[in-house]
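Letters A, B, ... mirror the listed sequences (proteins, then strands); counts begin at 1. What you are looking at is a predicted structure, and each value in this text was computed from that prediction instead of being measured.
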2 protein chains.
Amino acid sequence: MSLTREKIIELGESFILTKGYNAFSYQDISRELGMKNAAIHYYFPSKANLGTSIVRTNIQRFEEMVENMETRGFSEWQQLESFVKVYIKSNREGKLCLLGSLGPDFATLHENTQKELKKMTDIILNWLTGLLSAGRNNTVFSFHGDAHHYAVRFLSDLVASLQLSRVVSSMDYKAYCNTLLEGLKP
Amino acid sequence: MSLTREKIIELGESFILTKGYNAFSYQDISRELGMKNAAIHYYFPSKANLGTSIVRTNIQRFEEMVENMETRGFSEWQQLESFVKVYIKSNREGKLCLLGSLGPDFATLHENTQKELKKMTDIILNWLTGLLSAGRNNTVFSFHGDAHHYAVRFLSDLVASLQLSRVVSSMDYKAYCNTLLEGLKP
DNA sequence: GTCTATATTCCGATAGAC
DNA sequence: GTCTATCGGAATATAGAC
């Protein structure tokens, strides 16, 4: 696994989260790396390849996070808190999450990237649904209705509020996330 | 006010809501109108002008909707329901809302477009906050905590779930919106 | 006042140099 | 295996025709 390749993925992701998929170019990446834009094509023949790889990397990262939390015996509450912290960090860095950035551009993505993005979202939502459901059974969480519905809503809250925090004049993202968590307390 | 100009705004908005701001071009619009792409520049010298005008049109449309509802003496519940219906309609047409589409591209927008988008969001959030607050006082709604926080959350739910409905395999958007409204019942 | 011919820049991508 | 010179085309935008 080449170091340059990893840097390209890292930079590409960063640009997607700040400028958006259709606004960043290979030149944005190559400039940072001190190369010609065409050099990126050696590692990723097309922009679609790069996009797909970036989503795959994110899936891997998420699954490793979940594994780590399970190994450490995190409670449902601790797991949800850790998940929310990822979003708070993104907000601090002025970034969106990958779902919130690529989701709106879905129609313009390559078929493979679309497929991978769907896969990522399903994985996150399934995990979140299971976590909420288990947490409610253990009386760690309290909420009404279907767990999957609530999972969609909770994820929507995190995704969109990241976007809104750019647009809304004065928004305390961390405080907002805390009220989200508060709402789940029994 | 020229008819062509209005058609350009309408088409431009439609493309923003389906492809995204940075993915649509003047050619997309001119092709539909049977003109050369450069003709659009007569009406909107730059893409930023067009973007700003589209946001302004949306502000106007929203304010007219609110006025109409007040004239007809809509209850808080009816007003909120009407607002949600706009999103259900967008979902049926495979479109996002303007905030959910332009928000992620915020960093790439012209200063004036950014300003107008912020204005639009403030207007919507202020209205929603007032509506929720008044509705709670009249015991039409029931929710915990700060009304503005809840308004941000409610808007986030609508905005992001529109985006998610494209990505998540099986999602019943209308049913989802209904559970959102159910959550506000006393 | 309305639109077209044309310029300019930048994009993603290929062929080939080292 | 790694990167550069270069292409074809599409993007936004200007100057000028009707």
Side-chain angles (χ1 to χ4, degrees), chain A residues 1-55 101-102 104-114 116-117, chain B residues 1-55 101-102 104-114 116-117:
Chain A
M1 188 61 148
S2 148
L3 185 69
T4 310
R5 192 188 143 92
E6 284 184 38
K7 276 186 183 167
I8 292 170
I9 288 187
E10 198 182 331
L11 280 167
E13 180 181 333
S14 181
F15 281 122
I16 288 178
L17 301 183
T18 49
K19 301 179 68 170
Y21 182 79
N22 289 308
F24 93 91
S25 71
Y26 270 32
Q27 207 154 30
D28 289 327
I29 295 176
S30 63
R31 200 183 300 121
E32 296 263 339
L33 295 176
M35 313 157 100
K36 299 290 167 184
N37 62 351
I40 314 297
H41 285 276
Y42 166 66
Y43 298 93
F44 299 96
S46 82
K47 200 179 175 182
N49 296 136
L50 175 55
T52 307
S53 287
I54 288 171
V55 181
S101 183
L102 291 183
D105 293 332
F106 193 75
T108 69
L109 300 177
H110 187 278
E111 194 192 329
N112 292 341
T113 314
Q114 289 185 345
E116 213 66 26
L117 187 62
Chain B
M1 187 59 150
S2 148
L3 185 70
T4 310
R5 193 187 141 92
E6 284 184 36
K7 276 186 183 167
I8 292 171
I9 289 187
E10 198 183 330
L11 279 167
E13 180 182 331
S14 181
F15 280 122
I16 288 178
L17 300 184
T18 48
K19 302 178 68 167
Y21 182 79
N22 289 307
F24 94 90
S25 70
Y26 270 32
Q27 207 152 29
D28 290 327
I29 295 176
S30 62
R31 201 183 298 122
E32 297 262 339
L33 295 176
M35 312 157 98
K36 299 290 169 184
N37 61 355
I40 314 297
H41 285 276
Y42 166 65
Y43 298 94
F44 300 97
S46 81
K47 199 179 175 181
N49 295 135
L50 175 55
T52 307
S53 286
I54 288 172
V55 180
S101 183
L102 291 183
D105 294 333
F106 193 74
T108 70
L109 300 177
H110 187 276
E111 194 191 331
N112 292 343
T113 314
Q114 289 184 346
E116 213 65 25
L117 187 63

Atom OH of B/Y42 and atom P of C/dA5 are separated, to the nearest Å, by 18 Å
Generate the contact string for nucleotides 6-15 of chain C. Rules: B means base contact, S means sugar-phosphate contact only, - means no protein heavy atom under 4.0 Å. -----SBBB-
Do [X] and [Y] make a side-chain contact, defined as non-hydrogen atoms from C-beta onward lying under 4.5 Å apart?
X      : Y      : value
B/T4   : B/M35  : yes
A/L17  : A/S14  : no
A/Y26  : A/R31  : no
B/R5   : B/S53  : yes
B/K47  : B/F24  : yes
A/S101 : B/P104 : no
A/K7   : A/I29  : no
A/T113 : A/N49  : no

Near DNA chain C, under 4.0 Å by heavy atom, which residues of residues 105-113 of chain A? none
Give me the first and last nucleotide of DNA chain D, going 5' to 3', that has any atom under 4.0 Å from a heavy atom of chain B. D/dA11 to D/dT14
Hey, could you give me the CD/CD1 distance between A/E10 and A/I54, rounded to the nearest 0.5 Å? 10.5 Å
Going from CD on B/E13 to CG on B/L102, what distance comes out if it is rounded to the nearest 0.5 angstrom? 9.5 Å
